[in-house]
Amino acid sequence: MEKFEAEDKDFEVLFSEKDIQQRVNELAQDISTDYSEDSDNPLLLLGVLKGATPFLVDLSRRIDHPNLLIDYIGVSSYGSETSSSREPKITLDAKIPLNGKNVIIVEDIVDTGYSIAMLLDILNAKKPKSLKVCSFLSKPGKREVEVPIDYLGFEIDPLWVQGYGLDTDEKGRNWGYIAYKK
Ligand code: IMP
Ligand code: MG
């Protein structure tokens with residue numbers, strides 16, 4: 001059901017479930033088109049745990065590709081509204097080998113950029129055929145290190161957001177909408 005009011009009174013809805021699903025459709029179409037001429041090679045969606053899981057599931061079901069693979073990677077980052085870690089670490093490695101595959105890192109949000117910068121370094125060393133970044137949200141105003149985002153859902157102001165995978169101390173990941181802290 002479409003929610004216009006966040007179920008936590010400290011939060012205000014920023015993107016409704018409908019906004020989100022519409023944007024996911026568009027991103028999936030862009031990705032399907034971009035990889036249509038290389039459909040013999042596997043396209044691996046590599047979701048960053050845990051925040052990217054709802055986005056990755058929705059996206060993967062709408063991408064049209066005959067050889068779509070899914071894997072996950074764990075990265076330590078902060079769970080509260082404290083400052084982001086300058087040295088994020090891999091806490092769980094991907095299982096599927098990346099070499100020779102077209103890989104898209106799927107993230108919930110790019111904030112300072114440290115997590116994506118670290119992932120690009122580590123994953124490029126595994127010699128994928130190509131490596132791109134898809135993030136549902138980005139806060140350019142918070143960036144400390146420049147990173148490429150090849151597919152982006154929405155740019156937002158430097159707000160604290162929760163929902164659609166994004167959490168505050170593990171809470172709110174299950175919301176179908178995204179809300180910001182008032
Ligand atoms: P970065 O390394 O600073 O870009 O951090 C990215 C990670 O921080 C994201 O994958 C999220 O897990 C977390 N994060 C950043 N901003 C928010 C937010 O507003 N709400 C919830 N998590 C956030
Ligand atoms: Mg994350």
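In each ligand, atom 1 is the first atom listed, and ligand 1 is the first ligand listed.
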Answer with side chain, backbone, both or neither: which part of [X] has a heavy atom less than 4.0 angstrom from an atom of ligand 1?
X	answer
Lys142	neither
Asp167	backbone
Val75	neither
Ile109	both
Glu107	side chain

Is Asp71 reaching over with its side chain to a backbone N or O of Ala94, donor-acceptor style, under 3.5 angstrom?
->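 The answer is no, because no donor-acceptor pair under 3.5 Å joins these two groups.
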
Is it true that a side-chain atom of Asp157 and a backbone atom of Leu159 form a donor plus acceptor pair closer than 3.5 Å?
->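 Flag not set: sc Asp157 to bb Leu159 has no pair under 3.5 Å.
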
Where ligand 1 meets [X] - atom numbers and elements under 4.0 angstrom, heavy-atom basis:
X	value
Ser115	1 (P), 2 (O), 5 (O), 6 (C)
Thr112	1 (P), 2 (O), 3 (O), 4 (O)
Asp108	9 (C), 10 (O), 11 (C), 12 (O)
Leu166	21 (C), 22 (N)
Leu159	19 (O)
Lys139	16 (N), 17 (C), 18 (C), 19 (O)

Val48 and its side-chain contact (heavy atoms from CB on, under 4.5 Å) partner, picked from Ile105, Thr53, Leu56 |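 The side-chain contact (heavy atoms from CB on, under 4.5 Å) with Val48 is passed solely by Ile105 among Ile105, Thr53, Leu56.
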
Electrostatic pair [X]:[Y] at N-O distance under 4.0 angstrom:
X	Y	value
Arg173	Asp167	yes
Lys129	Asp38	yes
Lys139	Glu155	no

Please find out if less than 6.0 Å separates the ring center of Phe154 from that of Phe15.
-> yes

Heavy-atom pair of closest approach, residues Ser130 and Asn102 | OG-OD1, 2.7 Å

Applying side-chain contact (heavy atoms from CB on, under 4.5 Å), run through Val24 and Phe136 and close with a yes or a no.
-> CA-CA 8 Å; Val24 173; Phe136 194 67; 3.8 Å; yes

Would you check whether Ile116 reaches within less than 4.0 Å of ligand 1, judged by its heavy atoms?
->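 Ile116: no contact with ligand 1 (<4.0 Å).
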
Examine [X] against ligand 1 and note whether any of their N/O atoms are separated by less than 3.5 Å.
X	value
Gln162	no
Gly113	yes
Val110	no

Start with the C-alpha distance between Asp93 and Lys126, add both sets of side-chain angles, then the distance that settles side-chain contact (heavy atoms from CB on, under 4.5 Å), and finish with yes or no.
-> CA-CA 12 Å; Asp93 232 327; Lys126 297 181 190 280; 4.1 Å; yes

